[in-house]
There are 2 protein chains.
Amino acid sequence: MVVDTPIVNEEKVKETKARMISDTEIYSVSDFFKIFGDSTRLKILCALENNPLCVGDLCNVVDITKSAASHQLNILKANKLVKFKKQGKNVIYMLDDEHVLMIIETARKHLGEK
Amino acid sequence: MVVDTPIVNEEKVKETKARMISDTEIYSVSDFFKIFGDSTRLKILCALENNPLCVGDLCNVVDITKSAASHQLNILKANKLVKFKKQGKNVIYMLDDEHVLMIIETARKHLGEK
DNA sequence: TTGACAGTTGAACAATTGTTCAACTATAAT
DNA sequence: ATTATAGTTGAACAATTGTTCAACTGTCAA
């Protein structure tokens, strides 16, 4: 829908609008956060923090089915948060970006403070 | 459901499980990220970055209805990301925690790099 | 070359989450 | 007091998102 209320402070609204991040960037940032907003994906990232794991072992650590893991790994892969290598019958997943753990740590600290 | 695949490396799984963050903390961290995972909420936080705004003006900046704004402000308030003061007929909202913008900035940088 | 196992995929389903709508409260102005 | 305006609320609805299920691919071992 559209706005259903009149502007109170015209100038302030104009200025604030001018300072806003573009819609496309807002969407890419919120999509990024959405990835961390799911506990299964967070657990997967957490599990891969110290060592690479094959899908089967990852399932056992995180306590999910192969299918659920595979779907979530696809999302993480598409967003360049994990990468993988094939090893015989197994597929070994690992973090693609250590940077990511820092983001999680920042959130944990923030929550710890409140 | 439960895991549907056998363990490959028993010891690795055991060790990794031991290192995992507790489930309750995983949930609170993912809930935290969920808040930033919505573009409307992100826009609201972004709009309040430089100046406090009354609900009506916020609606005009972010382009949403009063009701939608109010619901989202409730969520942000419950999570201590915004606070408000009453001023006559208006309710003025402002950020409760500058820390939050840092988290968004970190995400933007991360996305900019890839 | 057949059987077993590891992982993937798409569609159906279930659950969660955001928006809309209509009714409501509270404040200010006449 | 009455009316108009600002904002809130809960329930219904719509949309999005995660999980399950069953069928599939590819690799290894017998």
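The structure displayed is predicted, hence computed values, not measured ones.
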Rounded to the nearest angstrom, tell me the gap between atom [atom1] in [X] and atom [atom2] in [N].
X	N	atom1	atom2	value
B/Ile75	C/dT17	CD1	P	9 Å
A/Asp38	D/dT16	CG	C1'	13 Å
A/Ile92	C/dA6	CD1	C1'	11 Å
A/Ile44	C/dG7	CD1	P	13 Å
B/Lys66	C/dC24	NZ	P	16 Å
A/Lys77	C/dT8	NZ	C1'	8 Å
A/Phe36	D/dT17	CZ	C1'	17 Å
B/Leu58	D/dG7	CG	C1'	12 Å

Any side-chain heavy atom of [X] sitting closer than 4.5 Å to one from [Y]?
X	Y	answer
B/Leu73	B/Leu58	yes
A/Val82	A/Leu45	yes
B/Asp38	B/Gln72	yes

Looking at A/Tyr93, I'd like to know whether one of its side-chain N or O atoms comes within less than 4.0 Å of OP1 or OP2 on C/dA6.
no
I want to check one thing: is the phosphate of C/dT17, taken as OP1 and OP2, less than 4.0 Å away from some side-chain N or O of B/Gln72?
no
Check: A/Ser67 side chain, C/dT9 base, donor-acceptor under 3.5 Å:
yes
Give a yes or no on whether a donor-acceptor pair under 3.5 Å exists between the nucleobase atoms of C/dT17, that is its base, and the side chain of B/His71.
no
Base, sugar-phosphate or nothing for B/Phe84? Non-hydrogen atoms, less than 4.0 Å.
nothing
Would you mind checking if B/Glu105 and B/Arg108 are paired as a salt bridge, meaning a charged N to carboxylate O distance below 4.0 Å?
yes
Closest non-hydrogen contact found for B/Leu95 with B/Glu49 is CD1-CA, 3.9 Å
Rounding to the nearest 10°, end axes of the helix from C/dT1-D/dA30 to C/dT30-D/dA1 built from five pairs each make an angle of 20°
Using a 6.0 Å cut-off, check whether atom CD of B/Glu15 has over 12 heavy atoms from anything other than its own residue.
yes
Heavy atoms of other groups near A/Lys77 NZ, more than 12 under 6.0 Å
yes
How does protein contact run along nucleotides 24-30 of chain D, one letter per nucleotide 5' to 3', with B for base contact, S for sugar-phosphate only, - for none, heavy atoms under 4.0 Å?
---BS--
Between B/Arg41 and A/Ala69, whichever has its closest DNA chain C nucleotide further toward 5' is A/Ala69
Heavy atoms from C-beta onward define the side chain here; which of D/dG7, C/dG7, D/dT19 lies closest to that of A/Thr40?
D/dT19
Ranking C/dT9, C/dT17, C/dT8 by distance to the side chain of A/Asn74, first place goes to C/dT9
With A/Leu76, the side chain to side chain contact (heavy atoms under 4.5 Å, CB included) member among A/Asp96, A/Ile35, A/Leu48
A/Ile35
Return yes if some donor-acceptor pair links the side-chain N/O of A/Asp4 with the main-chain N/O of B/Thr65 below 3.5 Å, else return no.
no
Check ring-ring contact (aromatic ring centres under 6.0 Å, His included) between A/Phe32 and all other residues, then give those that pass, not counting sequence neighbours.
A/Phe36, B/His110
